[in-house]
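Okay, structure first, notes after.
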Amino acid sequence: QVHLVESGGGLVQAGGSLTLSCAVDGRTFSSYAMGWFRQAAGKQRECVAAINWSGENTDYLDSVKGRFTIDKNNANKTLFLQMNGLKPEDTAVYYCAGRLNPALKMTAALYSYWGQGTQVTVSS
(Lines give C-alpha, C1' and ligand atoms only; values in the text may rest on other atoms or scores of the structure.)
Protein backbone atom coordinates (compact mmCIF):
# COMPACT_ATOMS: atom_id res chain seq x y z
CA GLN A 1 0.00 0.00 0.00
CA VAL A 2 1.17 3.51 -0.79
CA HIS A 3 0.17 6.62 1.14
CA LEU A 4 0.65 10.19 -0.06
CA VAL A 5 0.35 13.19 2.25
CA GLU A 6 0.43 16.74 0.91
CA SER A 7 1.38 19.84 2.85
CA GLY A 8 2.20 23.48 2.20
CA GLY A 9 -1.09 24.88 0.98
CA GLY A 10 -2.53 28.11 2.28
CA LEU A 11 -3.68 31.63 1.49
CA VAL A 12 -1.40 33.89 -0.51
CA GLN A 13 -1.77 37.18 -2.37
CA ALA A 14 -1.55 37.32 -6.13
CA GLY A 15 2.07 37.34 -7.23
CA GLY A 16 3.17 35.37 -4.20
CA SER A 17 4.73 31.94 -3.90
CA LEU A 18 4.01 28.63 -2.21
CA THR A 19 5.81 25.31 -2.12
CA LEU A 20 3.74 22.15 -1.87
CA SER A 21 5.28 18.95 -0.57
CA CYS A 22 4.07 15.38 -0.84
CA ALA A 23 5.52 12.75 1.46
CA VAL A 24 5.24 9.24 0.06
CA ASP A 25 5.13 6.11 2.14
CA GLY A 26 6.08 3.36 -0.27
CA ARG A 27 9.10 1.19 -0.85
CA THR A 28 9.26 1.69 -4.61
CA PHE A 29 8.78 5.47 -4.76
CA SER A 30 11.85 5.80 -6.96
CA SER A 31 10.13 3.74 -9.65
CA TYR A 32 7.02 5.91 -9.80
CA ALA A 33 6.15 8.73 -12.09
CA MET A 34 4.37 11.43 -10.09
CA GLY A 35 2.08 14.31 -10.76
CA TRP A 36 0.41 17.33 -9.22
CA PHE A 37 -3.25 17.84 -10.03
CA ARG A 38 -5.71 20.52 -9.02
CA GLN A 39 -9.45 20.84 -8.89
CA ALA A 40 -11.18 24.17 -8.60
CA ALA A 41 -14.77 24.44 -7.44
CA GLY A 42 -17.13 23.35 -10.19
CA LYS A 43 -14.33 22.32 -12.52
CA GLN A 44 -12.71 19.07 -13.57
CA ARG A 45 -9.47 17.88 -12.07
CA GLU A 46 -6.48 18.82 -14.22
CA CYS A 47 -2.81 17.95 -14.17
CA VAL A 48 -0.60 20.97 -13.61
CA ALA A 49 2.73 19.14 -13.62
CA ALA A 50 4.13 15.64 -14.04
CA ILE A 51 7.55 14.10 -13.61
CA ASN A 52 9.06 10.77 -14.63
CA TRP A 53 10.62 8.29 -12.23
CA SER A 54 14.12 9.76 -12.31
CA GLY A 55 13.08 13.40 -12.27
CA GLU A 56 14.80 14.08 -15.58
CA ASN A 57 11.62 14.63 -17.59
CA THR A 58 8.82 16.99 -16.70
CA ASP A 59 5.71 18.41 -18.32
CA TYR A 60 3.41 21.27 -17.36
CA LEU A 61 -0.03 22.65 -18.05
CA ASP A 62 0.41 25.57 -20.44
CA SER A 63 -1.04 28.08 -18.01
CA VAL A 64 1.59 27.32 -15.35
CA LYS A 65 4.67 26.99 -17.53
CA GLY A 66 7.40 29.29 -16.34
CA ARG A 67 5.71 29.75 -12.95
CA PHE A 68 5.51 26.23 -11.45
CA THR A 69 8.34 23.73 -11.00
CA ILE A 70 7.91 20.06 -10.10
CA ASP A 71 10.72 18.13 -8.46
CA LYS A 72 11.19 14.66 -7.02
CA ASN A 73 13.59 13.61 -4.30
CA ASN A 74 13.82 9.84 -4.47
CA ALA A 75 16.13 9.56 -1.47
CA ASN A 76 13.64 11.36 0.80
CA LYS A 77 10.55 10.02 -0.99
CA THR A 78 9.19 13.51 -1.44
CA LEU A 79 7.54 15.31 -4.33
CA PHE A 80 7.54 19.10 -4.56
CA LEU A 81 5.69 21.78 -6.46
CA GLN A 82 7.21 25.25 -6.35
CA MET A 83 4.58 27.80 -7.36
CA ASN A 84 5.64 31.36 -8.17
CA GLY A 85 3.70 34.26 -9.59
CA LEU A 86 0.45 32.84 -8.27
CA LYS A 87 -2.79 34.09 -9.77
CA PRO A 88 -6.36 33.97 -8.45
CA GLU A 89 -7.16 31.40 -11.12
CA ASP A 90 -4.65 29.05 -9.47
CA THR A 91 -7.03 28.72 -6.52
CA ALA A 92 -7.93 25.04 -6.11
CA VAL A 93 -7.40 21.92 -4.07
CA TYR A 94 -4.05 20.49 -5.10
CA TYR A 95 -3.40 16.73 -5.08
CA CYS A 96 -0.25 14.72 -5.54
CA ALA A 97 -0.55 11.42 -7.33
CA GLY A 98 1.63 8.45 -8.18
CA ARG A 99 1.49 5.86 -10.89
CA LEU A 100 3.03 2.38 -11.05
CA ASN A 101 4.96 3.23 -14.16
CA PRO A 102 8.16 5.20 -14.68
CA ALA A 103 6.84 7.34 -17.56
CA LEU A 104 5.19 10.68 -16.86
CA LYS A 105 1.60 11.25 -17.94
CA MET A 106 -0.82 14.14 -17.60
CA THR A 107 -3.98 11.98 -17.38
CA ALA A 108 -5.59 11.44 -13.99
CA ALA A 109 -6.98 8.02 -14.89
CA LEU A 110 -3.43 6.69 -15.26
CA TYR A 111 -2.60 7.38 -11.61
CA SER A 112 -3.24 4.77 -8.93
CA TYR A 113 -2.39 6.61 -5.72
CA TRP A 114 -3.70 9.94 -4.49
CA GLY A 115 -3.19 12.20 -1.53
CA GLN A 116 -6.01 13.85 0.38
CA GLY A 117 -5.38 17.28 -1.15
CA THR A 118 -4.30 20.66 0.16
CA GLN A 119 -6.13 23.94 -0.41
CA VAL A 120 -4.39 26.78 -2.22
CA THR A 121 -6.19 30.11 -2.25
CA VAL A 122 -4.84 33.11 -4.11
CA SER A 123 -6.40 36.47 -3.32
CA SER A 124 -6.46 39.36 -5.78
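Note: hydrogens, waters and symmetry copies are ignored here, and every other heavy atom, side chains too, is used.
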Roughly how far, to the nearest 0.5 Å, is the SG atom of Cys22 from the OH atom of Tyr94? 15.0 Å
Roughly how far, to the nearest 0.5 Å, is CG of Asp59 from CD1 of Ile51? 11.0 Å
Quick note, disulfide bond (SG atoms under 2.5 Å apart) partners involving residues 53-85, not counting sequence neighbours, are none
Which residues pass the salt bridge (Lys or Arg N to Asp or Glu O under 4.0 Å) test with Glu89, not counting sequence neighbours? none
For residues 74-83, please give each side-chain donor-acceptor pair under 3.5 Å, one per line with the distance, not counting sequence neighbours.
unit_1 : atom_1 : unit_2 : atom_2 : d
Asn74  : OD1    : Lys72  : NZ     : 2.5
Asn74  : ND2    : Trp53  : O      : 3.2
Lys77  : NZ     : Gly26  : O      : 2.9
Thr78  : OG1    : Asn76  : O      : 2.9
Gln82  : OE1    : Thr19  : OG1    : 2.4
Gln82  : NE2    : Asn84  : OD1    : 2.8

In short, Ala103 meets Ala33 closest at the heavy-atom pair O-CB, 3.2 Å
Side chains of Trp36 and Glu6 in contact at under 4.5 Å (non-hydrogen atoms): yes
Side-chain heavy-atom pair Leu20, Val120 within 4.5 angstrom cut-off: yes
Side-chain donor/acceptor pairs under 3.5 Å, residues 104-115, sequence neighbours excluded:
unit_1 : atom_1 : unit_2 : atom_2 : d
Tyr111 : OH     : Lys105 : O      : 2.6
Trp114 : NE1    : Tyr111 : O      : 3.4

Shortest non-hydrogen contact from Asn73 toward Phe29: O-CE2, 3.5 Å
Residues in side-chain hydrogen bond (donor to acceptor under 3.5 Å, both in side chains) contact with Asn52, at least two apart in sequence or another chain: Ser54
Going by salt bridge (Lys or Arg N to Asp or Glu O under 4.0 Å), name the residues that satisfy it together with Arg45, two or more places apart in sequence or in a different chain. none
Using the test side-chain hydrogen bond (donor to acceptor under 3.5 Å, both in side chains), find all partners of Tyr95 that sit at least two apart in sequence or belong to another chain. none
Test of understanding: with side-chain hydrogen bond (donor to acceptor under 3.5 Å, both in side chains), list the residues that count as partners of Ser31, not counting sequence neighbours. none
The criterion is side chain to side chain contact (heavy atoms under 4.5 Å, CB included); which residues satisfy it with Gln13, sequence neighbours excluded? Ser123
Which residues share a salt bridge (Lys or Arg N to Asp or Glu O under 4.0 Å) with Lys65, sequence neighbours left out: Asp62
Test side chain to side chain contact (heavy atoms under 4.5 Å, CB included) applied to Val12 - qualifying residues, sequence neighbours left out: Leu18, Leu86, Val122
Taking every heavy atom of Ile70 against every heavy atom of Met34, the minimum-distance pair comes out as CD1-O, 4.2 Å
Could you tell me which residues satisfy side-chain hydrogen bond (donor to acceptor under 3.5 Å, both in side chains) with Thr121, sequence neighbours excluded, listed by chain and number? Gln119
